[in-house]
Amino acid sequence: MAVERTLSIIKPDATKRNLTGKINAKFEDAGLRIVAQKRIQLTPEQAGVFYAVHKERPFYGELCEFMASGPVVVQVLEGEGAVAKNREVMGATNPADAAAGTIRAEFAESVGENSVHGSDAAETAAVEIAYFFSGLELVG
Ligand code: DAT
Ligand code: MG
């Protein structure tokens, strides 16, 4: 398995509850390295561009408002098979289905307010990383 990078976002429900450190510990304990990280406030429009793939889904408006409802921490995680490993550490989208010990099982409040985003494939990771970071900000 090759060394990869993936885009992670610690969502507003988690930053609000001061969970950034606990979530980062889960990534680091799983062997993922945080090679870039910043805390930003998105506008609903910026969240809308990021989540454009979901624009036909009934929850799109709510999702964009939620992502702009408070600070987020955007970060790049690096490691062997980072995309899949991060999805494993995150747990299922709906916390009710998430495996014990995963971030969403422990911290997510609902299917909508589920604490973290993670890219779903290497190709989407490259696009999502470029949306938030320039090459100079990635420090392996
Ligand atoms: P994931 O974040 O696990 O990749 P996704 O890409 O299917 O899940 O959806 C993106 C986000 O949209 C998800 O993290 C939370 C929100 N979402 C998904 N399904 C939803 C639903 N049924 N109701 C409300 N929000 C939902
Ligand atoms: Mg997704």
Side-chain angles (χ1 to χ4, degrees):
M1 183 61 74
V3 173
E4 291 177 334
R5 286 175 171 174
T6 191
L7 192 278
S8 165
I9 305 178
I10 301 179
K11 295 184 179 182
D13 67 285
T15 61
K16 201 172 300 172
R17 287 175 289 147
N18 241 5
L19 293 170
T20 300
K22 285 187 175 139
I23 290 172
N24 279 349
K26 296 251 189 213
F27 296 141
E28 294 186 336
D29 289 349
L32 292 163
R33 181 175 299 276
I34 301 162
V35 298
Q37 174 166 261
K38 58 190 172 189
R39 182 174 168 101
I40 59 174
Q41 171 71 53
L42 293 173
T43 64
E45 292 72 27
Q46 289 167 335
V49 171
F50 179 77
Y51 274 124
V53 66
H54 295 305
K55 64 176 181 296
E56 306 304 334
R57 310 277 287 275
F59 55 80
Y60 180 66
E62 192 185 323
L63 173 62
C64 297
E65 290 301 321
F66 165 62
M67 291 300 286
S69 69
V72 295
V73 175
V74 293
Q75 47 193 191
V76 180
L77 308 179
E78 182 181 88
E80 292 277 325
V83 173
K85 187 175 284 180
N86 181 39
R87 298 289 311 188
E88 208 177 292
V89 175
M90 288 164 60
T93 306
N94 186 340
D97 302 327
T102 61
I103 291 168
R104 283 165 164 170
E106 285 190 20
F107 303 128
E109 303 198 296
S110 65
V111 64
E113 306 201 359
N114 60 4
S115 304
V116 280
H117 165 83
S119 308
D120 59 11
E123 301 72 41
T124 43
V127 174
E128 292 180 358
I129 289 168
Y131 188 61
F132 290 112
F133 293 97
S134 76
L136 284 176
E137 293 177 297
L138 307 175
V139 185

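Ligands are counted one by one from 1 in listed order, and the atoms in each one are counted from 1 as well. What you see is a predicted model, and the numbers here were worked out from it, not measured in a lab.
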Short version for Arg104: what comes under 4.0 Å of ligand 1, heavy atoms counted, is side chain
To which of Asn114, Val116, Val111, Thr93 does the heavy atom nearest atom 23 (N) of ligand 1 belong?
-> Val111
Picking from Lys38, Gln37, Arg39, what satisfies side-chain hydrogen bond (donor to acceptor under 3.5 Å, both in side chains) with Gln75?
-> Gln37
Would you list the atom pairs, donor with acceptor, under 3.5 Å between side chains in residues 58-69 and any protein atom, with sequence neighbours excluded?
{"from": "Tyr60", "atom 1": "OH", "to": "Gly48", "atom 2": "O", "distance (Å)": "2.8"}
{"from": "Ser69", "atom 1": "OG", "to": "Phe66", "atom 2": "O", "distance (Å)": "2.6"}

Does some non-hydrogen atom of Leu63 fall short of 4.0 Å from ligand 1?
-> yes
What protein heavy atom sits nearest atom 17 (N) of ligand 1, and how far off is it?
-> Phe59 CE1, 3.5 Å
Glu78 and side-chain contact (heavy atoms from CB on, under 4.5 Å): which partner among Thr6, Leu32, Val35?
-> Val35
Pair Asn24-Ile10, side chain to side chain contact (heavy atoms under 4.5 Å, CB included): steps then yes or no = CA-CA 9 Å; Asn24 279 349; Ile10 301 179; 3.7 Å; yes
Short list, please: which atoms of ligand 1 are under 4.0 Å from a heavy atom of Gly112?
-> 25 (N)
Among all protein non-hydrogen atoms, which one is nearest to atom 6 (O) of ligand 1, and what is the separation to 0.1 Å?
-> His54 NE2, 3.1 Å
Evaluate the side chain to side chain contact (heavy atoms under 4.5 Å, CB included) criterion for residues Arg5 and Phe133: first the C-alpha distance (whole Å), next the side-chain angles of each, then the deciding distance (0.1 Å), finally the verdict.
-> CA-CA 12 Å; Arg5 286 175 171 174; Phe133 293 97; over 6 Å; no
Given side chains that start at C-beta, do those of Ile34 and Leu77 come closer than 4.5 Å, heavy atoms only?
-> yes
For Arg87, counting its heavy atoms only, list the atoms of ligand 1 lying under 4.0 Å from any of them.
-> 1 (P), 3 (O), 4 (O)
